[in-house]
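Fair warning: this is a prediction, and the values are worked out from it, not measured in the lab. Numbering of residues begins at 1 and proceeds along the displayed sequence.
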Amino acid sequence: MNNTSKKPLPSWLPLAVGALLVALFAGLGAWQINRGFEKRIDHLAFQDDAGIASWQDGIEVEPYQHLQVTGTYDNEHQVLLDNIIVNSRYGYYVITPLRGIGEGPVLLINRGWIERTGAPLDTGRLSVPSEWVSVRGRVGRLPRAGMKMGDAFSPGDDWPRTAVYPSYAEVAEALGTDVQPFVLLMDQGEEHGFSRQWTPSGFGPEKHFGYALQWFAMAAVLSGLLIWNHRKKKFT
């Protein structure tokens, strides 16, 4: 019978693994700092009320910019974004296409949130006027999921259609027409809207900075342990 002995692990391996973990923790801390500054910019942009700009197809816009748009609602092709939680209650965002002059992409208007109850939805609540309208709101976007699974739209051709975290391309395919690359978040004072509590998505910059501090603290503690262990082995 041959006796085999296991080779000891290289002495440098724990130090290398520890150094990789320190770099990882520091990188995560830096990422949280960056996200915190991005969120701060978003909050400042949302609070900025520099006036309302009149928008037409082709004009570039900034996040949360205050716009006034004109057109006609497409009452027959509305989308209900499902799984939207407001005040710990499930419901829908009501997305109504607005068609402007010409054949350009339609603009998606987020008219706000309605609660999802056990009873069938009264689609009459979603009706909008057929005449030319002027709508004010802020530049926003479609809600995004951390992880998306399956098709966005529920099967069927009946309108309004229900969707869970659809992309702009998926909404365009369902509507059969191109859509603008942003959503207008209807102002609180506008008619034909629902519950509107618009805020920048996610939590504020302070929480990101707090997470960054935790990651940097973990990196510092692990660095200290690695240095202490290295010196202990060196002098023993």
Passes side-chain contact (heavy atoms from CB on, under 4.5 Å), V135 versus H192? Steps please.
CA-CA 10 Å; V135 186; H192 314 297; over 6 Å; no
Taking side chain as C-beta onward, heavy atoms only, is V106 less than 4.5 Å from D74?
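Counting from C-beta outward, V106 and D74 never come under 4.5 Å.
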Closest approach of V179 and P105, non-hydrogen atoms and distance?
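Looks like C-CB, 3.6 Å.
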State which residue, out of T70, L98, T72, fulfils the side-chain contact (heavy atoms from CB on, under 4.5 Å) condition with V133.
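Among T70, L98, T72, the one meeting side-chain contact (heavy atoms from CB on, under 4.5 Å) with V133 is L98.
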Chi angles and distances behind the side-chain contact (heavy atoms from CB on, under 4.5 Å) call for L142, S167
CA-CA 7 Å; L142 291 172; S167 65; 5.9 Å; no
Are the charged groups of R136 and D187 less than 4.0 angstrom apart, N to O?
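Between D187 and R136 there is no salt bridge, as every charged N stays at least 4.0 Å from the carboxylate O atoms.
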Output, in order, the C-alpha distance, side-chain angles, deciding distance and verdict of side-chain contact (heavy atoms from CB on, under 4.5 Å) for Q65 and F182.
CA-CA 11 Å; Q65 183 177 353; F182 69 95; over 6 Å; no
To the nearest 0.5 angstrom, please state how far the [atom1] atom of [X] sits from the [atom2] atom of [Y].
{"X": "L175", "Y": "L108", "atom1": "CG", "atom2": "CG", "result": "7.0 Å"}
{"X": "R141", "Y": "Y64", "atom1": "CZ", "atom2": "OH", "result": "6.0 Å"}
{"X": "Q180", "Y": "I59", "atom1": "CD", "atom2": "CD1", "result": "10.5 Å"}

Say whether, by atom type as modelled, one donor and one acceptor occur between the side chain of [X] and the main chain of [Y] under 3.5 angstrom.
{"X": "E115", "Y": "R89", "result": "no"}
{"X": "R116", "Y": "I114", "result": "no"}
{"X": "D82", "Y": "V164", "result": "no"}

Regarding T96 and Q78, do their side chains bring together a donor and an acceptor under 3.5 Å, going by distance alone?
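Indeed, the side chains of T96 and Q78 share at least one donor-acceptor pair under 3.5 Å.
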Mind running side-chain contact (heavy atoms from CB on, under 4.5 Å) on T162 and F153 for me, showing each step along the way?
CA-CA 6 Å; T162 302; F153 280 85; over 6 Å; no
Linking I/L/V/M/F/W/Y whenever their side-chain heavy atoms sit closer than 4.5 Å, directly or via other members, would [X] and [Y] fall into one cluster?
{"X": "L222", "Y": "L24", "answer": "yes"}
{"X": "L67", "Y": "L185", "answer": "no"}
{"X": "V86", "Y": "V79", "answer": "yes"}

If you look only at pairs with a residue in residues 77-127, which of them pass as a ring pair (Phe, Tyr, Trp, His ring centres under 6.0 Å), with sequence neighbours excluded?
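Those involving residues 77-127 are H77-W159, Y93-W198.
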